[in-house]
Amino acid sequence: MISVEQHLGRILDTVRRLPPIELGLLDALGCVLAEDVRSAADLPGFTNSAMDGYAVHAADVAAATDDSPVRLPVVNDIAAGNTQALSLAPGQSMRIMTGAPLPHGADAVVPVELTDAGLASVAVRSPVEVGQHVRPTGDDVHTGDLVLRSGGRLGPRQLALLAAVGRSSVRVVPKPRVVVVSTGDELVEVGRPAGFGQVVDSNGLMLTAAVRALGAVPFRVGPVVDDAKELMSTLEDQLVRADAVITSGGVSAGAYDTVKEVLSRVGTVRFDKVSMQPGMPQGFGVLGVDETPVFTLPGNPVSAMVSFEVFVAPALRAMAGRPEHESALVPAVVETGWTAPAGKTQFARAVLHPRRVTGTNGQDCDFAVTLVGSQGSHVLGGLAAANCLAVIPAAVTEVQAGDVVRCHLLGAMMEA
Ligand SMILES: Nc1nc2c(c(=O)[nH]1)N[C@H]1C(S)=C(S)[C@@H](COP(=O)(O)OP(=O)(O)OC[C@H]3O[C@@H](n4cnc5c(N)ncnc54)[C@H](O)[C@@H]3O)O[C@H]1N2
Ligand code: MOO
């Protein structure tokens, strides 16, 4: 038996950040930036109005009041998108819209609400300060400024900044392409009726969805029967499009546990018992000339999902250039106790309830936690109802009400 930390350590020592590529901005959503980005432009690119109103010389309206408005001729009308270079002489005004270029000479904008909205001439009822409602060139970003650093993740806001400073593509760490292969003679395709002795390939769907939710690119390969040749040729075919492979099933001690049988022979994949529950039988190694990482997860659905969370997700994040763990374990106070297996780290399916509560050790927590469903490795109902895995260290066999335990969040729907 090896520990969870040993198995994860071996995986993280093996996987590598993927080499950077250039991608169009939208395709780069969720990717990690692999270059420092400097702006090729000033933002705003020209001095413009922050309000719909009138461009003026502030000095001209310094004496304006409600009772004694200042009247100015309106000599032009400037809409957003106007590309003419205009000049405003003292004693005049121009009607101007939000985002339109401020005419040369003007130093402030009077919002339309502080005027009579006149077209030929305008009555201004309030003074404005020099610079008021004006957005100067380069106010946001100057040409040459470092706007985004290599290593940051690109979300909608960062993509907007890249577009605004003139980029249409960017150098990023690509999202890992992950092939998901289910194995087992008993499996039938999703949507097909499962006859006696048959099981719907829910793992294939679950792991494919988990890969996508994490922000990587999944390819699902329908159930492969327990046949050594078939499995090997499927894996060989799939390696061309894979940065990583995940299999489920066929890794314990059964007579037809083909994944273990086939990959043990290859010599680059190692099978271990990991001291955890669920998820004890695990395999990991590399395949093919590109040394593609392969994770062979146990077939029991809960075991497969817990293994994904604990081993595969950190590895895929590392390959994508992201931190291996993007959220910390959350401390929570146990509502009703339970037993945990001796000598194994337990990943108990549980629900976190947001509530201020103090543990018997005096620790204040933001959550209480209760187990959900029975803890069998086949119990999908409980897995679906859980929003966390309570992580109980191998040395603990009794979890008691009031104990503070640390919980791995399952809640985030999408990491992309
Ligand atoms: N004699 C022993 N038997 C078992 C051991 C052991 O140490 N000695 N370990 C048990 C543990 S723990 C686990 S976990 C499972 C792991 O089994 P396998 O990885 O070999 O998986 P299978 O036998 O193929 O399937 C197990 C179970 O899961 C269902 N399954 C499989 N694939 C899917 C899928 N794609 N979608 C839905 N359900 C799936 C399968 O029908 C079985 O019920 O082994 C224990 N046995
Ligand atoms: O380790 Mo298995 O994953 O308990 O059911």
Side-chain angles (χ1 to χ4, degrees), residues 1-4 7-8 178-211 218-228 230-231 234-235 245-264 269-285 294-312 338-349 373-384 386 389 391-392 394:
M1 282 266 212
I2 60 172
S3 69
V4 170
H7 190 57
L8 180 60
V178 185
V179 167
V180 176
V181 182
S182 302
T183 67
D185 287 343
E186 74 276 33
L187 302 179
V188 295
E189 188 46 275
V190 175
R192 296 254 171 86
F196 181 75
Q198 295 185 315
V199 178
V200 173
D201 175 24
S202 58
N203 283 359
L205 191 84
M206 172 179 71
L207 293 168
T208 304
V211 167
F219 299 102
R220 178 172 170 233
V221 179
V224 178
V225 291
D226 286 318
D227 174 83
E230 182 112 355
L231 178 64
T234 302
L235 290 175
V245 175
I246 305 172
T247 67
S248 77
V251 296
S252 57
Y256 306 100
D257 282 337
T258 319
V259 171
K260 189 172 181 180
E261 180 201 323
V262 166
L263 294 184
S264 297
V269 181
R270 184 176 137 172
F271 291 86
D272 285 289
K273 287 190 171 180
V274 178
S275 54
M276 64 193 285
Q277 192 191 57
M280 182 181 69
Q282 296 286 339
F284 174 74
V294 53
F295 303 84
T296 69
L297 309 185
N300 276 328
V302 179
S303 315
M305 193 62 214
V306 168
S307 306
F308 181 90
E309 288 285 330
V310 176
F311 302 121
V312 185
W338 67 84
T339 56
K344 288 182 176 177
T345 306
Q346 184 189 35
F347 294 89
R349 278 74 74 201
S374 99
Q375 297 291 311
S377 299
H378 61 293
V379 181
L380 261 181
L383 182 64
L389 299 170
V391 184
I392 310 303

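Heavy atoms only: backbone and side chains are in, while hydrogens, waters and symmetry mates are out. Since the structure is predicted, the reported quantities are computational estimates derived from the model, not experimental observations. Atoms within a ligand are numbered from 1 in the order they appear, just like the ligands themselves.
At the top of the distance list for atom 32 (N) of ligand 1, counting protein heavy atoms only, stands N203 ND2, 3.6 Å. Annotation: atom 13 (C) of ligand 1 to nearest protein heavy atom, N300 ND2, 3.5 Å. In this structure, atom 40 (C) of ligand 1 lies nearest to the protein heavy atom E186 OE2, 3.0 Å. Among protein heavy atoms, the minimum distance from atom 38 (N) of ligand 1 is reached at V199 CG1, 3.7 Å. Protein heavy atom nearest atom 20 (O) of ligand 1, with residue, atom name and distance: S252 OG, 2.8 Å. Ranking the protein heavy atoms by distance from atom 7 (O) of ligand 1 puts M280 CE, 3.6 Å first. Annotation: atom 19 (O) of ligand 1 to nearest protein heavy atom, G299 N, 2.9 Å. Remark: minimum distance from atom 22 (P) of ligand 1 to any protein heavy atom is reached at G250 N, 3.8 Å.
Of the heavy atoms in D201, both backbone and side-chain atoms come closer than 4.0 Å to ligand 1.
Remark: D201 CG to S182 OG distance equals 3.0 Å, nearest 0.5 Å. Note that the NE2 atom of H378 and the OG atom of S303 stand 10.5 Å from one another [nearest 0.5 Å]. To the nearest 0.5 Å, the span separating CD1 on I392 from OG1 on T345 amounts to 9.5 Å. Here F284 contributes atom CZ and F311 contributes atom CZ; the two are 11.0 Å apart, rounded to the nearest 0.5 Å. Considering CZ of F308 and CG of L207, their distance stands at 7.0 Å, rounded to 0.5 Å.
Sorted by first and then second residue, the salt bridge (charged side-chain N to carboxylate O under 4.0 Å, His left out) pairs involving residues 183-195 (not counting sequence neighbours) are E189-R220.
Closest heavy-atom approach to atom 2 (C) of ligand 1 within the set A253, P298, G249: this belongs to A253.
Protein residues with any heavy atom under 4.0 Å from ligand 2: P278, G279, M280, P281, N300, S303, S377.
Atoms of ligand 1 found under 4.0 Å from any heavy atom of V200 (numbered from 1 in listed order, with element): 36 (N), 37 (C). Within the listing of ligand 1, atoms 35 (N) sit less than 4.0 angstrom from a heavy atom of S182. Within ligand 1, counting atoms from 1 as listed, the ones closer than 4.0 Å to a heavy atom of D257 are 20 (O), 23 (O).
The heavy-atom pair separating D226 from G184 by the smallest distance is OD2-CA, 3.5 Å.
Residue-to-ligand polar distances keep S303 apart from ligand 1: every N/O pair is separated by 3.5 Å or more. Looking at L297 next to ligand 1, no N or O pair under 3.5 Å apart turns up. For V251, a nitrogen or oxygen atom sits less than 3.5 Å from a nitrogen or oxygen atom of ligand 1, counting backbone and side chain alike.
In this structure a side-chain-to-backbone donor-acceptor pair under 3.5 Å is present from N203 to G299. Using a distance-only test at 3.5 Å, with no hydrogens or angles considered, no donor-acceptor pair links the side chain of T183 to the main chain of P223. Without hydrogens or angle criteria, D227 side chain to E230 main chain gives a donor-acceptor distance under 3.5 Å.
Taking a 4.0 Å cut-off on heavy atoms, H378 fails to register as neighbouring ligand 1. In this structure, P281 has a heavy atom closer than 4.0 Å to ligand 1. Taking 4.0 Å as the cut-off, V259 does not count as a neighbour of ligand 1 on heavy-atom distance. Taking a 4.0 Å cut-off on heavy atoms, S202 registers as neighbouring ligand 1.
Remark: of the listed residues V181, D257, T247, V262, T247 is the sole one forming a side chain to side chain contact (heavy atoms under 4.5 Å, CB included) with T296.
By the salt bridge (charged side-chain N to carboxylate O under 4.0 Å, His left out) test, E261 is found to be paired with R265, residues two or more places apart in sequence or in another chain being considered.
The closest side-chain donor-acceptor pair between Q346 and W338 falls under 3.5 angstrom.
Residues L383 and P301 have side chains not in contact (no heavy-atom distance under 4.5 Å, counting atoms from C-beta outward). Side-chain contact between V211 and I246 is present, with at least one heavy-atom pair separated by less than 4.5 Å.
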Please list, one pair per line, the donor and acceptor atoms closer than 3.5 Å that link side chains of residues 273-283 to other protein atoms, with sequence neighbours excluded.
unit_1: S275; atom_1: OG; unit_2: I2; atom_2: O; d: 3.3
unit_1: Q282; atom_1: NE2; unit_2: G279; atom_2: O; d: 2.8
unit_1: Q282; atom_1: NE2; unit_2: S307; atom_2: OG; d: 2.7

